[in-house]
**Q** 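Next up is a structure, given as structure tokens.
Remember, predicted model here, so these are calculated numbers, not experimental data. We count residues from 1, following the sequence as given.
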Amino acid sequence: TVSAAGTLQLTSPGMITLATTNAAGTSTLSGTIDALAGGTLLLSGNGAISQTAGQIIAGTVATSGTIGSANLAQPANAVTTLGAIAAKGDVSLTTTQPLAAASTVSAANLTLSSSAATPNAIAVSSADFGTATGGTLALTASNPGGGLSLAGTITAGQLDLTAGTS
């Protein structure tokens, strides 16, 4: 188990890799991870990643290979792109920014939330986007001015869509 608090910030847009290699282990984030708006947070390893506080600032969040699970649901996160994601477990991401998802995404259950006040608060255009058989895909545009844009192929046992609510 690894726990990180404080701030990790790049001085120019780049990549921060967070690896949890022990399948029984958990990396707990409670500080700020700042790859800058043009940077990438790359998740890797078989363990769980849990954000209990703090903020993630990154242009893209993606995985390197298949991860265990990731709970990145703090309301102050500022992420604009969901890159390629593969997870055996659940994945959740909350952001204040409009979120675009055009890459292959798969997880047991997937929860995405954006508080951006734009018609495309969450825009899915992936050809392969969804959950494992029977899994739940939940997309929430929580701002009253927020909307969802869906295209491509979306697969889920249960699809929960919420737009324009607070």
Side-chain angles (χ1 to χ4, degrees), residues 1-116 122-140 152 154-157:
T1 300
V2 173
S3 181
T7 299
L8 174 61
Q9 182 177 25
L10 298 177
T11 57
S12 62
M15 182 179 300
I16 295 174
T17 300
L18 178 61
T20 304
T21 56
N22 181 347
T26 300
S27 293
T28 302
L29 307 175
S30 61
T32 298
I33 302 275
D34 189 352
L36 303 177
T40 299
L41 175 61
L42 188 66
L43 310 174
S44 70
N46 294 319
I49 299 166
S50 178
Q51 182 190 22
T52 58
Q55 181 183 31
I56 294 170
I57 302 166
T60 301
V61 170
T63 63
S64 172
T66 301
I67 63 168
S69 64
N71 178 358
L72 309 175
Q74 291 301 307
N77 290 343
V79 176
T80 56
T81 302
L82 185 67
I85 299 281
K88 292 178 261 179
D90 299 344
V91 172
S92 60
L93 174 66
T94 298
T95 182
T96 59
Q97 304 298 305
L99 184 66
S103 299
T104 298
V105 175
S106 67
N109 295 289
L110 181 62
T111 302
L112 302 177
S113 179
S114 171
S115 60
I122 299 176
V124 176
S125 61
S126 172
D128 188 9
F129 189 89
T131 65
T133 303
T136 298
L137 173 60
L139 304 177
T140 301
I154 298 172
T155 306

**Q** Let's go through L18 and L29 carefully: what are the C-alpha distance in whole Å and the side-chain angles of both, what is the deciding distance for side-chain contact (heavy atoms from CB on, under 4.5 Å) to 0.1 Å, and is it a yes or a no?
**A** CA-CA 10 Å; L18 178 61; L29 307 175; 3.8 Å; yes

**Q** Quick one: closest heavy-atom pair of T131 and G157, and the distance?
**A**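 Reported closest heavy-atom pair: OG1-N, 3.8 Å.
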
**Q** Is a donor on one side and an acceptor on the other found under 3.5 Å between the side chain of N109 and the backbone of T136?
**A**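 Yes: the side chain of N109 pairs with the backbone of T136.
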
**Q** Extract all donor-acceptor atom pairs below 3.5 Å that involve side chains of residues 35-46 and protein atoms in other chains or at least two apart in sequence.
**A**
residue	atom	partner	partner atom	Å
N46	OD1	K88	NZ	3.4

**Q** Let's go through D90 and T111 carefully: what are the C-alpha distance in whole Å and the side-chain angles of both, what is the deciding distance for side-chain contact (heavy atoms from CB on, under 4.5 Å) to 0.1 Å, and is it a yes or a no?
**A** CA-CA 8 Å; D90 299 344; T111 302; over 6 Å; no

**Q** Spell out, as yes or no, whether a donor-acceptor pair under 3.5 Å connects the side chain of T95 to the backbone of V79.
**A**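 Flag set: sc T95 to bb V79 pair under 3.5 Å.
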
**Q** Mind checking the CG-CG spacing from L137 to L112? Nearest 0.5 Å is all I need.
**A**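 Spacing of CG (L137) from CG (L112) equals 7.0 Å.
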
**Q** Counting only N and O atoms by type, is there a donor-acceptor contact under 3.5 Å from the side chain of T80 to the main-chain atoms of G59?
**A**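 Pair found, side chain donor or acceptor close to backbone of G59.
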
**Q** Search all heavy atoms of L99 against all heavy atoms of L82 and return the closest pair with its distance.
**A**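 Heavy atoms only, the tightest pair is CD1-N, 3.8 Å.
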
**Q** Hey, is the main chain of A76 close enough, under 3.5 Å, to the side chain of Q55 for a donor-acceptor pair?
**A**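 The answer is yes, because a donor-acceptor pair under 3.5 Å joins these two groups.
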
**Q** Under the side-chain hydrogen bond (donor to acceptor under 3.5 Å, both in side chains) definition, can you give me all pairs with a residue in residues 60-76, not counting sequence neighbours?
**A**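 Listed once each, the pairs are N71-S92.
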
**Q** Side chain of S126, backbone of S103: donor and acceptor closer than 3.5 Å?
**A**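 It does hold such a pair.
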
**Q** Is the backbone N or O of N77 less than 3.5 Å from a side-chain atom of T96, with the two atoms forming a donor-acceptor pair by type?
**A**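 It does hold such a pair.
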
**Q** What is the minimum heavy-atom distance between P98 and A116, and which atoms define it?
**A**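 So the two residues come closest at N-CB, 3.5 Å.
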
